J.: 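Below is a structure I'd like to ask you about.
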Amino acid sequence: MPELPEVESVCHRLRNTALGATIVRATVYRPQMTHPQAPAKLRRSVAGRRITAVERRGKHILLRLDGDITLRVHLRMTGNLTVIPDARLRPETTRIWFDLDDGRALILNDPRALGRITVHRSAELPDLLKGLGPEPFDPSFTPAYLAEAAGRTAKPVKIFLMDQKAVAGLGNIYAAEALFQARIHPAAPAREISARKLKALHSSIVGVLTTALHSAISAYGTAGRFTEGEFFPAAVYGREDQPCPVCRARIRRIPQGGRSTYFCPRCQR
DNA sequence: AGTCACCTGATT
DNA sequence: AATCAGGTGACT
């Protein structure tokens with residue numbers, strides 16, 4: 001599921017469901033998902049604590065509990081954090097289960113079980129999140145900042161965008177979409193891109209994420225789940241061999257960093 | 001900077 | 001049977 005817009009929409013929904021509830025007990029079905037901590041630490045830390053805030057930093061969800069405990073949840077590829085009314089609605093792929101005091105349950109549902117959930121004191125958080133670049137909607141994320149960051153690396157620009165320390169929250173889809181809108185070839189070395197193009201890239205990053213965020217919140221907010229095709233209609237992502245919506249050239253797929261990158265060979269040079 | 005491992009399910 | 005997947009951390 002999740003890049004920044006989807007993670008934010010999960011947070012949005014949790015604020016309307018989990019906020020204020022008290023966790024009675026945690027059950028860990030996949031101990032490795034609490035790595036590098038022991039599952040017992042999670043169980044011990046959450047019992048009897050109330051959820052006081054739901055925050056997001058990059059793709060990380062921060063569940064604030066009273067008594068200065070923060071659960072940091074990362075959904076990775078297929079995770080979802082959601083409240084269900086009762087055990088009858090328990091998905092087969094539930095990996096962590098939190099009983100709430102009103103009979104509902106907060107669950108981490110994650111078919112691939114690649115997600116992570118760890119427990120922290122608030123004092124540890126800055127260190128924990130220090131590798132993350134600015135939030136794309138933060139005033140500090142400016143074209144000048146992007147140019148400065150890009151200037152320091154010879155990495156292909158798409159790899160640069162997906163590296164969370166340039167800017168937090170972009171993943172494979174929205175990095176590709178932003179590059180398409182800015183008409184930049186995904187394999188171009190970041191430091192060789194003109195200031196003019198980087199300015200366009202800055203705008204397209206903010207624009208793509210804004211549109212996707214609204215789409216993700218309305219899709220998830222109503223149905224309570226993401227549904228195929230309700231997202232931002234991708235111009236290039238997943239469209240190998242289909243015509244570019246701008247110039248009709250055939251969309252290409254190339255491997256980058258072990259994943260697929262989609263782009264229009266005519267629009268993006 | 002590139003490759004692989006972590007996991008499982010869907011698709012070819 | 002093989003390949004792919006909206007991610008990341010640990011290796012070369």
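Within every chain, numbering begins at 1; the chains are lettered A, B, ... in the order of the sequence lines, protein sequences first and strands thereafter. As the structure is a prediction and not an experimental result, all values here were calculated from the model.
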J.: Can you tell which of C/dG7, B/dA1, C/dA5 lies closest to the side chain of A/Ser260?
T.: C/dA5
J.: CZ of A/Arg49: more than 12 outside heavy atoms within 6.0 angstrom?
T.: yes
J.: Wobble G-U and Watson-Crick pairs count when both distances are under 3.5 Å; given that, what is the 5' to 3' dot-bracket string of DNA chain B, with | for pairing to other strands?
T.: ||||||.|||||
J.: Please say yes or no: joined through hydrophobic side-chain contacts below 4.5 Å, possibly via intermediate residues, are A/Phe263 and A/Val208 part of one cluster?
T.: no
J.: Verify the contact: side-chain N or O of A/His74 to OP1 or OP2 of C/dT8, cut-off strictly under 4.0 Å; return yes or no.
T.: yes
J.: Rounded to the nearest Å, what distance is computed from the OH atom of residue A/Tyr174 to the C1' atom of nucleotide C/dA5?
T.: 15 Å
J.: Rounded to the nearest angstrom, tell me the gap between atom CE in A/Met33 and atom P in B/dT8.
T.: 10 Å
J.: Would a hydrophobic clustering, with Ile, Leu, Val, Met, Phe, Trp and Tyr connected at side-chain separations under 4.5 Å, put A/Leu62 with A/Val119?
T.: no
J.: Quick check on C/dC4: is either OP1 or OP2 less than 4.0 Å from any side-chain nitrogen or oxygen of A/Arg253?
T.: yes
J.: So if I take every side-chain heavy atom of A/Arg76 and compare against B/dA1, C/dG9, B/dT8, which nucleotide ends up nearest?
T.: C/dG9
J.: Within the structure, does a side-chain N or O atom of A/Tyr262 lie under 4.0 Å from either OP1 or OP2 of C/dA5?
T.: yes
J.: Please determine, for the side chain of A/Leu114, which listed nucleotide (B/dG9, C/dA5, B/dC6) has the closest atom?
T.: B/dC6
J.: In this structure, how many angstroms lie between the P atom of B/dG2 and the NZ atom of A/Lys158, rounded?
T.: 12 Å
J.: Please state whether the phosphate of C/dG7, meaning OP1 or OP2, lies under 4.0 angstrom from any side-chain nitrogen or oxygen of A/Gln164.
T.: no
J.: Which residues pass the side-chain contact (heavy atoms from CB on, under 4.5 Å) test with A/Thr210, not counting sequence neighbours?
T.: A/Phe137, A/Val206, A/His214
J.: Between B/dA1 and C/dA5, how far apart are the P atoms? Round to whole Å, please.
T.: 23 Å
J.: Can you tell whether the side chains of A/Glu192 and A/Lys197 come within less than 4.0 Å, N to carboxylate O?
T.: no
J.: Counting distance alone, no hydrogens or angles: does the base of C/dA5 have a donor or acceptor under 3.5 Å from a partner atom on the side chain of A/Arg259?
T.: no
J.: Give me the distance, rounded to whole Å, that separates C/dC4 from B/dC4 when you measure between the C1' atoms they each carry.
T.: 16 Å
J.: From B/dG9, C/dT8, B/dA1, pick the nucleotide closest to the side chain of A/Pro111?
T.: B/dG9
J.: For B/dT8 and A/Arg30 - does any side-chain N or O of the residue sit under 4.0 Å from the phosphate oxygens OP1/OP2?
T.: yes
J.: Specify the separation, in whole Å, of atom CD1 of A/Ile159 and atom C1' of C/dT8.
T.: 13 Å
J.: Is it the case that A/Gln256 and A/Thr261 place a side-chain donor and acceptor less than 3.5 Å from each other?
T.: yes
J.: Can you confirm whether A/Lys165 is buried at NZ, in the sense that more than 12 heavy atoms of other residues, nucleotides or ligands lie under 6.0 Å from that atom?
T.: no
J.: Just the rounded figure in Å: distance from P of C/dA10 to NE2 of A/His35.
T.: 7 Å
J.: Counting only side-chain N and O atoms of A/Lys155, is one of them less than 4.0 Å from OP1 or OP2 of B/dG2?
T.: no
J.: One thing to verify: whether A/Glu135 and A/Arg57 come together as a salt bridge, which I'm taking to mean a side-chain N less than 4.0 angstrom from a carboxylate O.
T.: yes
J.: Do the side-chain N or O atoms of A/Gln32 get closer than 4.0 angstrom to the phosphate oxygens (OP1, OP2) of B/dC6?
T.: no
